[in-house]
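Here is the structure we will look at.
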Amino acid sequence: MTRRGALQLVAAVSGVLAVALVVRSLAEGAEAIDVRSHHLTHAVLILGGAAAALALTAANRRPDSLPEKPQWLLPAILGPLGGMVLMVPTFYPYMNAHPTVHALSHLGHISAGFVTAWCGERYRVRIGWTTTLFLEAMAVGAAFGFGVTR
Amino acid sequence: MSDTIETLARPAHREVTSDRTAKRVMWLYIGPGLILVGAMVIAGLGLRMAQGGMHTFQPGLFYSLMTLHGSAMMVGMALCGMGLLWYLFAQEGPLNPTTAVVACALILIGAVLVAISVLVGGFGAAWTFLYPLPFVGTYWPSWATGVFLAGIACVVLGWTIWCLQMLGGVLTRYGGLRGAFAWDLVWSPSKFAKSGQTPPPPQAFAVLVSAVDGLLAGSAGMLVGVALFVRWLDPTLPLDPLWVKNLTYIFGHTLANLTIYMPLAAVYVALPRYTHHRHWHTSAVLAVAWWATLVFVAIAYFHHLYMDFAQPRAVQYIGEAASYLAAFPPAVVTVFGGALLVYRSGFRWTLGSMFLYVGMIGWVVGGIGALLDVTVAFNIYFHNTLWVVAHFHTYLLEGALLFVLGWVFHCLEERSGIVSSRAVRTLIGLGVFGGGAWLLLGWYLAGAQGVPRRYALQPAPGTDISWWASLGGIILVVGLIMCGIEAIRLARRPAHREVPAA
């Protein structure tokens with residue numbers, strides 16, 4: 001298998017796994033889950049979306065020497081912000097009770113991860129990795145205090 | 001390795017942003033930055049005089065002005081450093097001016113929102129408030145809190161954009177992290193030398209560290225900002241106070257630290273130009289020092305949480321160790337290196353070179369004050385006293401600001417081809433350094449006496465010391481006004497010649 005083919009496979013597997021998690025939560029119906037576990041689940045979904053985007057961009061890598069494309073930078077930053085907004089614990093009780101909305105919000109997390117990584121790499125090579133790293137750190141970090149007390 | 005070498009082999013000035021455009025972007029940042037800093041120096045003097053009993057502010061106004069002073073000073077200093085670094089790195093590789101303008105605009109919008117929340121709404125929780133502030137026990141309307149948080153969010157967004165642009169630039173120019181960190185120079189020096197490549201210049205390390213640590217601070221700021229904003233909208237939302245405090249200080253402490261490290265690049269570039277044929281080159285020691293700075297700046301913030309018994313004990317040790325270790329790279333490499341660069345070099349003393357050199361002294365003095373404060377045995381007495389205010393004002397007012405002024409005067413001197421007279425230099429020196437030292441001494445003395453910080457009415461001997469220190473503040477402001485007049489005089493002179501930058 002070529003490097004490009006392997007990367008495309010990684011992208012597909014990451015995306016499929018993330019979407020499978022969404023379908024699973026839809027199939028299981030209403031569920032009670034504590035805020036910390038919920039945040040961590042979202043971090044996994046975000047990672048799935050971001051991994052798919054990074055693998056895809058690596059398979060179609062732009063040359064290093066290409067200048068920056070500023071139009072991609074704002075979505076690369078708004079992606080993490082969107083991801084954080086979807087992790088507002090105030091919405092969690094409602095989402096736990098409504099599986100379809102819950103599944104849609106999970107798709108939102110996958111999209112936030114994908115947009116962050118994809119747009120970052122489109123902006124400039126290696127920036128998608130950076131934005132992904134920081135989005136993931138924020139998502140995991142949220143589990144230790146955002147709507148969570150000791 | 002080959003990838004790195006290939007990238008480093010490219011000429012440094014290929015595809016660079018035009019010097020005229022780069023200068024415009026630089027002044028777009030430094031201009032408003034210095035205006036903010038100047039206005040906040042005046043506001044700060046007003047606060048100090050009120051503490052000294054020279055006049056009184058209405059209840060609440062003191063804390064609102066203190067909030068504005070802190071946040072606007074941070075934004076102003078950051079803008080100056082960002083513009084300076086942007087310009088210096090634009091000499092190395094292409095940077096898109098539009099991205100820089102958008103980042104600057106967002107930061108200025110944020111500053112305006114903060115000003116509205118403080119001046120109209122009366123927000124007065126200080127710029128690094130601790131949860132449950134700014135929601136509990138407040139005297140300002142709720143909307144002011146929302147506008148303040150929105151303002152800080154805009155600043156964080158602009159800052160993040162700038163960091164990503166700079167990081168992308170450095171990684172592209174030097175062939176990834178390995179090249180940007182000068183990894184091969186440190187670990188395979190002979191191979192590196194044989195390859196004929198050149199490592200990144202010293203100022204590129206300031207760019208790299210500011211961008212990486214800046215992104216860390218920005219992420220923490222974004223996370224805690226979203227959490228506080230949601231808490232503002234939904235008062236039932238629980239937040240872990242220790243979590244909020246950690247994030248607040250990752251953001252606040254790191255940003256404050258970086259406002260010093262960013263203008264340091266001016267020392268690397270401009271100071272050698274006042275010597276005869278001496279250069280500040282990248283060595284393995286310098287590279288390792290900046291690696292250490294990258295790590296220690298990111299984790300030194302733990303020293304703000306010594307008093308938090310619930311904080312894991314291990315990180316308290318990490319905080320103390322990192323704070324001590326953070327002092328070595330700048331002291332050994334930059335300040336000692338700078339002193340050696342000047343020693344017997346036939347150094348030309350101008351306003352620009354004077355500010356750059358004295359800035360290093362201020363940085364060291366403030367750093368020693370900080371080291372005393374992070375020592376647990378001292379911190380028991382100095383925690384949240386005016387000692388804290390003393391040390392950070394030392395390295396901001398008599399360190400970072402002097403680096404920026406040094407760079408500004410360096411640019412003006414090169415452009416006009418003239419330098420200020422000895423009399424003017426003496427007067428400005430007496431005002432800025434003499435008045436500044438007098439002002440700072442008041443904070444150190446009061447801090448050593450245990451006078452608390454952020455008090456409008458201070459217990460004895462705070463009021464008396466504040467009164468005397470205010471006189472030093474007035475002299476400092478006079479010195480800065482003379483400095484401004486001299487800068488305008490030099491700027492109005494016709495251009496002497498076009499000088500290639502950095």
Side-chain angles (χ1 to χ4, degrees), chain A residues 34-36 39 43 62-93 116 119-150, chain B residues 3 6-7 10 14-15 93-103 106 131 153 156-158 160-161 163-165 167-173 175-177 211-212 215-216 218-220 222-227 229-231 233-234 236-247 250 310:
Chain A
D34 64 280
V35 174
R36 175 171 292 174
H39 282 329
R62 300 166 67 224
D64 273 15
S65 54
L66 278 184
E68 57 185 287
K69 292 186 170 181
Q71 67 271 28
W72 293 102
L73 187 53
L74 210 55
I77 292 174
L78 293 179
L81 202 59
M84 285 300 106
V85 170
L86 284 171
M87 286 174 71
V88 170
T90 310
F91 303 144
Y92 283 3
T116 302
C119 296
E121 282 296 296
R122 289 289 105 184
Y123 165 67
R124 206 155 198 181
V125 175
R126 298 184 190 89
I127 291 301
W129 287 88
T130 312
T131 47
T132 299
L133 187 70
F134 286 107
L135 169 59
E136 200 53 30
M138 284 162 65
V140 173
F144 297 92
F146 190 19
V148 181
T149 49
R150 283 156 198 268
Chain B
D3 188 31
E6 187 190 324
T7 311
R10 293 179 198 149
R14 197 173 69 89
E15 287 188 278
L95 289 176
N96 190 307
T98 310
T99 313
V101 171
V102 169
L106 274 169
Y131 180 76
V156 171
L157 277 179
T160 307
I161 288 175
C163 288
L164 285 173
Q165 181 180 37
L167 183 65
V170 169
L171 294 181
T172 304
R173 169 68 184 86
L177 278 174
V212 174
L215 281 171
L216 179 71
S219 305
M222 201 183 281
L223 179 54
V224 75
V226 169
F229 204 82
V230 175
R231 170 65 179 73
L233 293 170
D234 173 14
T236 62
L237 178 79
L239 297 178
D240 185 315
L242 191 61
W243 177 81
V244 174
K245 189 171 180 180
N246 270 282
L247 289 176
I250 295 176

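Each chain gets a letter, A, B and so on, in the order its sequence line appears, and its residues count up from 1. Nothing here was measured: the structure is a model prediction, and the numbers come from that model.
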>> For L106(B) versus L157(B), what's the shortest heavy-atom pair and its separation?
In response: CD1-CB, 4.2 Å
> Where does V212(B) contact chain A at under 4.5 Å (heavy atoms): side chain, backbone, both or neither?
Replying inline: backbone
> If you count heavy-atom pairs under 4.5 Å between each of V226(B), L215(B), L247(B) and chain A, which one has the most?
Replying inline: L215(B)
>> Heavy-atom cut-off 4.5 Å, strictly under: side chain, backbone, both or neither for L237(B) against chain A?
In response: side chain
> Which atoms of L74(A) come close to chain B, meaning under 4.5 Å heavy atom to heavy atom: side chain ones, backbone ones, both, or neither?
Replying inline: side chain
> Less than 4.5 Å apart, any side-chain heavy atom of V125(A) and any of T172(B)?
Replying inline: no
>> Counting C-beta onward and ignoring hydrogens, is there a side-chain heavy-atom pair between L135(A) and T131(A) closer than 4.5 Å?
In response: no
> Among M222(B), Q165(B), R231(B), which has the most heavy-atom pairs under 4.5 Å with chain A?
Replying inline: Q165(B)
Counting only pairs under 3.5 Å, give me each side-chain donor-acceptor contact of residues 80-93 of chain A, with atom names and distances, residues two or more places apart or in other chains.
residue: T90(A); atom: OG1; partner: D234(B); partner atom: OD2; Å: 2.7
residue: Y92(A); atom: OH; partner: H39(A); partner atom: ND1; Å: 2.9
residue: Y92(A); atom: OH; partner: H42(A); partner atom: ND1; Å: 3.0
residue: Y92(A); atom: OH; partner: M87(A); partner atom: O; Å: 3.4

> Does a side-chain heavy-atom distance below 4.5 Å link V230(B) with F146(A)?
Replying inline: yes
> Based on non-hydrogen pairs under 4.5 Å, which of S219(B), A310(B), A220(B) is most in contact with chain A?
Replying inline: S219(B)
